[in-house]
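Data block below; observations after.
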Amino acid sequence: MAHINESYLELSGSYLFAHINRRVAAFRSSHPDADIIRLGIGDVTRPLVPAVIRAMHAAVDEMASAATFRGYGPEQGYEFLQEAILDGDYRPRNVKLDADEIFISDGSKCDVANIQEIFSADVKIAIADPVYPVYLDSNIMAGRSRNIVFLPGSAGNDFLPQIPDEKVDLIYLCSPNNPTGSVLDRAALTRWVEYARENRAVILFDSAYSAYIRDETLPRSIYEIPGARDVAIEFKSFSKSASFTGVRCAYTVIPKELKGFDRNGNPHLLHTFWNRRQTTKFNGTSYIVQRAAEAACRGEGRIQNQAVIDYYMGNADIIRNGLEKAGYTVYGGKNAPYIWWKLPSGLDSMKFFDTLLETCQVVGTPGVGFGSCGEGYFRLTAFGDRERTREAVKRIVAAGL
Ligand code: PLP
């Protein structure tokens, strides 16, 4: 008999975003003339920048000639992209990494979900609440539903994960955080690195939104913190920094000092384990996409993408300032493309989703979709069109919800 993985039965019902899409579709069919503005899903809307498009075209042309055609590439990614990443994201911030410590992939979602495979089934895992739901769901799928320690975020702790009383082995940190927009500063990140060093724990640092950090004092990489190379894996993505949500490219950094331990306490290099995992289960990111990502890292491509990020952050300012001026309490939106809106007290975020859709024809994301501590909050994203964002804020303010 084909027994199922019963852990899947422990996942919370229908995935929130599918649920939202169904509700929007139902509203659309009952109100065919409604002018709906979507500030819900975290997808970008601006196109790929010209330097990236040019690089992709050139790579396509290379594929057309036997002399320059590429078949299977290295599963870890091409060195030209690893070097471009070092030039773009690390060398300017004085972070020293070797090119082969960077594993290129087709997305951070897969990487943050798959990384747990190289750890034992009984590791205890700390996960912030609210946060990107993939960390929790992928560990539930792997049978760890009873090994999770939630780190509750609230206005009282600036939605920043605090060190737990009980000992944990793996710690997911998302900074800037999706959905709250909060960012761990140097002091907070240093405390986590020290905790991990003292407890032989490993930090899984997801900085998919680091390109949105405007405050120069905030760390964009965990490796800016002394000692982090021994205890941290870092995930970054081109999705939100270079409009690659449909193109797909990301990377995971595993320093060669970083160790996990077997049940006898013997150390093993996690770099070796992840390399083994990737070479077995992943066949590399396409050459064309890696050339496109290379163009996004440096020179013109980087400048053009920065202008796109500035555009989105201009939207974030409009949402944040507009709601604040109307008397609402909002968080985030300063160093992240997400605005975390505190709902007037007692309002249920799922019900508020319907109210906002019906009264303003604006779509957002209920906070409860990111964890129980997200109840009472609502996420708006800055990834929309400028004028439509202005219009959404105008409607919300006029409705006086
Ligand atoms: N990590 C966080 C915190 C995210 O919000 C997202 C996407 O929304 C991802 C990772 C996934 O990124 P990718 O498109 O690279 O899979």
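Counting starts at 1 for both ligands and their atoms, following the listed order. Note: hydrogens, waters and symmetry copies are ignored here, and every other heavy atom, side chains too, is used.
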Determine whether the aromatic ring centres of residues F205 and F235 are separated by less than 6.0 angstrom. no
Below 30° counts as parallel, above 60° as perpendicular, anything between as tilted: where do the rings of Y338 and Y209 land? perpendicular
Taking a cutoff of less than 4.0 Å between a non-hydrogen atom of the residue and any ligand atom, is V112 in contact with ligand 1? no
Measure up the Y90 and Y223 rings against each other and bin them: parallel (under 30°), tilted (30 to 60°), perpendicular (over 60°). tilted
Should S7 and M141 be marked as a side-chain contact (heavy atoms from CB on, under 4.5 Å) after you check the CA-CA gap, both sets of side-chain angles, and the distance that decides it? CA-CA 5 Å; S7 298; M141 289 172 177; 5.5 Å; no
Does ligand 1 have an atom that lies less than 4.0 angstrom from a heavy atom of C174? yes
What's the shortest heavy-atom distance between N335 and R214, and which atoms? OD1-N, 2.7 Å
Part of F238 with heavy atoms under 4.0 Å of ligand 1, whether side chain, backbone, both or neither: neither
Region of S108 that comes within reach of ligand 1 [heavy atoms, distance under 4.0 Å]: both
Near D206 (heavy-atom distance under 4.0 Å), the atoms of ligand 1 are 1 (N), 2 (C), 3 (C), 10 (C)
Compute the shortest N/O to N/O distance between T245 and ligand 1 and return yes if it is under 3.5 Å, no if not. no
Looking at atom 8 (O) of ligand 1, what's its closest protein heavy atom, distance included? K240 NZ, 2.9 Å
Numbered in order shown, the ligand 1 atoms found under 4.0 Å of a heavy atom of S239 are 13 (P), 14 (O), 15 (O)
Any nitrogen or oxygen of Y209, side chain or backbone, less than 3.5 Å from one on ligand 1? yes
Looking only at protein heavy atoms, which one is nearest to atom 9 (C) of ligand 1, and how far off is it? Y132 OH, 3.3 Å
Under 4.0 Å from a heavy atom of G107: which atoms of ligand 1 are those, numbered in the order shown and with their elements? 15 (O), 16 (O)
Using the ring of F282 (Phe, Tyr or Trp, six-membered ring only), decide whether R277 places NZ or CZ under 6.0 Å from its centre and within 45 degrees of its axis. no
Ligand 1 N/O within reach of R248 N/O, cut-off under 3.5 Å: yes
Of F378, W341, W340, which meets ring pair (Phe, Tyr, Trp, His ring centres under 6.0 Å) against Y328? W341
For Y195 and K167, work out which heavy atoms get closest and say how close. OH-CA, 3.4 Å
